[in-house]
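Any value given below was found using the heavy atoms of this structure, including those in side chains, with hydrogens, waters and symmetry copies removed. Counting from 1, the numbers follow the sequence of the chain as shown.
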Amino acid sequence: MRILQLCHKPLSGRPDGGKLAMKSLAEGLRANGAEVFSWMIETPSHPASAQDRAQGISKSFFIDTRVKVFPALRDLLGGESYNLSRFASEAACRDISDVIATFKPDVILAEGIFTLAGWMKHGFGKDLPVVLRSHNIEHLIWDRMAEAESNPLKRWYLRRLALALKKEEQEIWEKSDAIIAISDQDAAVIAASVPQKKLSTVSIGFDIPPKAEMKFSGTEFFHIGAMDWRPNREGMEHFLRDVWPVLKRDHPSIVFRIAGKGMPAKFGTLENEGVFVVKVDDAQEFMRNSGVMIVPLLSGSGVRVKIIEGLMQGIPLITSAIGKEGIPAVAGKHLFEANDLESYRLIFNKLTAHPELLNEVSENARTFAAGNYRKDVLGLKALDFIRELM
């Protein structure tokens, strides 16, 4: 089976959830005998590296996705999605056609709707089945951001963006030959819109890491994530503004470390409140040695890769219902769930008084993740679904 994987960003460089999800699936497919060639969109925000260009099993193509005022205004007034149209490059479609002619794939696996923006407008691979792998329900992210926005004008703007994106996202669902959702919740949304579509759920897989020695005091907490992704920044702003000051007053000895690209400068001014912005060279080492992970998401869709990664390593974590969405972990057993100040206070009171609970949750998390998110098993599931389609 020869699979052309279309990726919405390069696979190497600083890791993030999207890169890990795409790279993991490619490796899982290869582990089960598939030949995979990764064609990757390179943008000003996500440049390709020498590693991307030298692998021989991948190729990058640059698309200038920087926001331009006139096209953005045109799409806004015309009810079109500028989120998508920025990726609809005719030159990129020609480049994909050249790769198809050389690689001769049996199927196209499109990682997210942005890789198919040009396909919808200009076309490529007309004789090949196209399987969309839906990383998120994209319009739902913007819907949730609109709901959380207090400024009426911004809320109207975000809802308009969400409506335009929803229309075009559904058109891509309809045109794709089959869809792989990343969670059962996302699959249910897609099935309600295109009930006859061939659909499967395949989550994000990892290699099972060796067990690391970790000590949990109940006083050290951390977050790691890209702050240039709006749901991450929005959730962290809420946590630092409305939750952390109360927790710090209740428990003066607790500290909170934040790492990730695109960090707002204002986060670095909170050291007197026990909040420290840190730079890390090794994200895995930082996660293993920084205590309990906090993922306070208020919006978003799909599955949070960092949460699965943390569970796989046995890192205790606290997240919201939206952060846990798509992950069938049991709150209180595999992780902790907090959606408001009072639920955070209850959890922090418990953990600071009984830090030994963290070791139990850590073991449960590892067992749960190993049973649900093995890369080779999920790669085989995806490959079997594609074979059925063929």
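No more than 12 heavy-atom neighbours from other residues, nucleotides or ligands sit within 6.0 angstrom of CZ on R66. Counting heavy atoms of neighbouring residues, nucleotides and ligands inside a 6.0 Å radius, atom NZ of K211 does not exceed 12 of them. Residue Y157 qualifies as open at atom OH: its count of foreign heavy atoms under 6.0 Å is 12 or below. By the 6.0 Å contact criterion, NZ on K166 is open, its count of non-hydrogen atoms from other residues, nucleotides or ligands being 12 or less. The local environment of NZ in K167 is crowded, with over 12 non-hydrogen atoms from other residues, nucleotides or ligands closer than 6.0 Å.
In summary, the side chains of S45 and T43 do not present any donor paired with an acceptor at a separation below 3.5 Å, with no hydrogens or angles considered. Side-chain N/O atoms of N364 and T367 include no donor and acceptor closer than 3.5 Å. A side-chain donor-acceptor contact under 3.5 Å links E234 and S299.
Residues V295 and F286 fall within the same hydrophobic cluster, defined by Ile, Leu, Val, Met, Phe, Trp and Tyr side chains chained together at heavy-atom separations under 4.5 Å. Linking ILVMFWY side-chain heavy atoms closer than 4.5 Å, directly or via other members, places F124 and M120 in a single hydrophobic cluster. F216 and L346 are not part of a single hydrophobic cluster, where members link through side-chain heavy atoms under 4.5 Å apart. Taken together through direct or relayed side-chain contacts under 4.5 Å among Ile, Leu, Val, Met, Phe, Trp and Tyr, V243 and F267 form part of one hydrophobic cluster.
With respect to the salt-bridge test (charged N to carboxylate O, under 4.0 angstrom), the residues R144 and E147 do not qualify. For R257 and E220, the salt-bridge test passes: some basic side-chain N is under 4.0 Å from an acidic carboxylate O. Here K381 does not pair with D384 in a salt bridge; the nearest charged N to carboxylate O distance is not below 4.0 Å. The pair R30-E27 fails the salt-bridge criterion, with no side-chain N (NZ, NE, NH1 or NH2) lying under 4.0 Å from an Asp/Glu carboxylate O. Classification of E237 and K266 as a salt-bridged pair holds, one side-chain N sitting under 4.0 Å from a carboxylate O. Salt-bridge formation is detected for the pair D95/K59: a Lys NZ or Arg NE/NH1/NH2 atom is positioned less than 4.0 Å from an Asp or Glu carboxylate oxygen. Using a 4.0 Å cut-off between charged side-chain N and carboxylate O, K19 and E111 make no salt bridge.
In terms of heavy-atom proximity, A382 sits nearest to L25 at CB-CD1, 3.9 Å. The two atoms that bring Q313 and M214 nearest to each other are O-CE, 3.1 Å, heavy atoms only. Contact detail for I386 and V107: the closest heavy-atom pair is CG2-CG1, 3.8 Å. Nearest heavy-atom pair across C7 and S38 is SG-CB, 4.2 Å.
Test Y344, F239, F276 against F256 for ring pair (Phe, Tyr, Trp, His ring centres under 6.0 Å) and you get one pass: F239. Screening D186, I179, I180 for a side-chain contact (heavy atoms from CB on, under 4.5 Å) involving L199 leaves a single residue, I179.
With K175 contributing its side chain and V130 its backbone, the two residues share no donor-acceptor pair below 3.5 Å. Between the side chain of S362 and the main chain of L358, no donor-acceptor pair closer than 3.5 Å is present. Between the side chain of E80 and the backbone N or O of S85 there is no donor-acceptor pair closer than 3.5 Å.
In this structure, CZ on F222 lies 5.0 Å from CE on M293, to the nearest 0.5 angstrom. R2 contributes atom CZ, which lies 7.5 Å from atom CG of D106 (distance to the nearest 0.5 angstrom).
The shortest side-chain heavy-atom distance between M40 and M22 does not fall under the 4.5 Å cut-off. The shortest distance between side-chain heavy atoms of Y373 and I327 falls below 4.5 Å. At a threshold of 4.5 Å between non-hydrogen side-chain atoms, the residues I113 and S134 do not count as touching.
Between F103 and F37, the ring planes lie tilted relative to each other; the angle falls in the 30° to 60° range. The aromatic rings of H251 and F348 lie tilted to each other, with the angle between the two planes from 30° to 60°.
Listed by first and then second residue, the side chain to side chain donor-acceptor pair (under 3.5 Å) pairs involving residues 117-129 amount to none (not counting sequence neighbours).
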Using the side-chain contact (heavy atoms from CB on, under 4.5 Å) rule, take M263 and I258 through it: C-alpha gap first, then chi angles, then the decisive distance, then the call.
-> CA-CA 9 Å; M263 194 66 63; I258 315 174; 3.6 Å; yes
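Members clustered with Y82: V67, by chain and number, using a 4.5 Å side-chain heavy-atom cutoff among hydrophobic residues.
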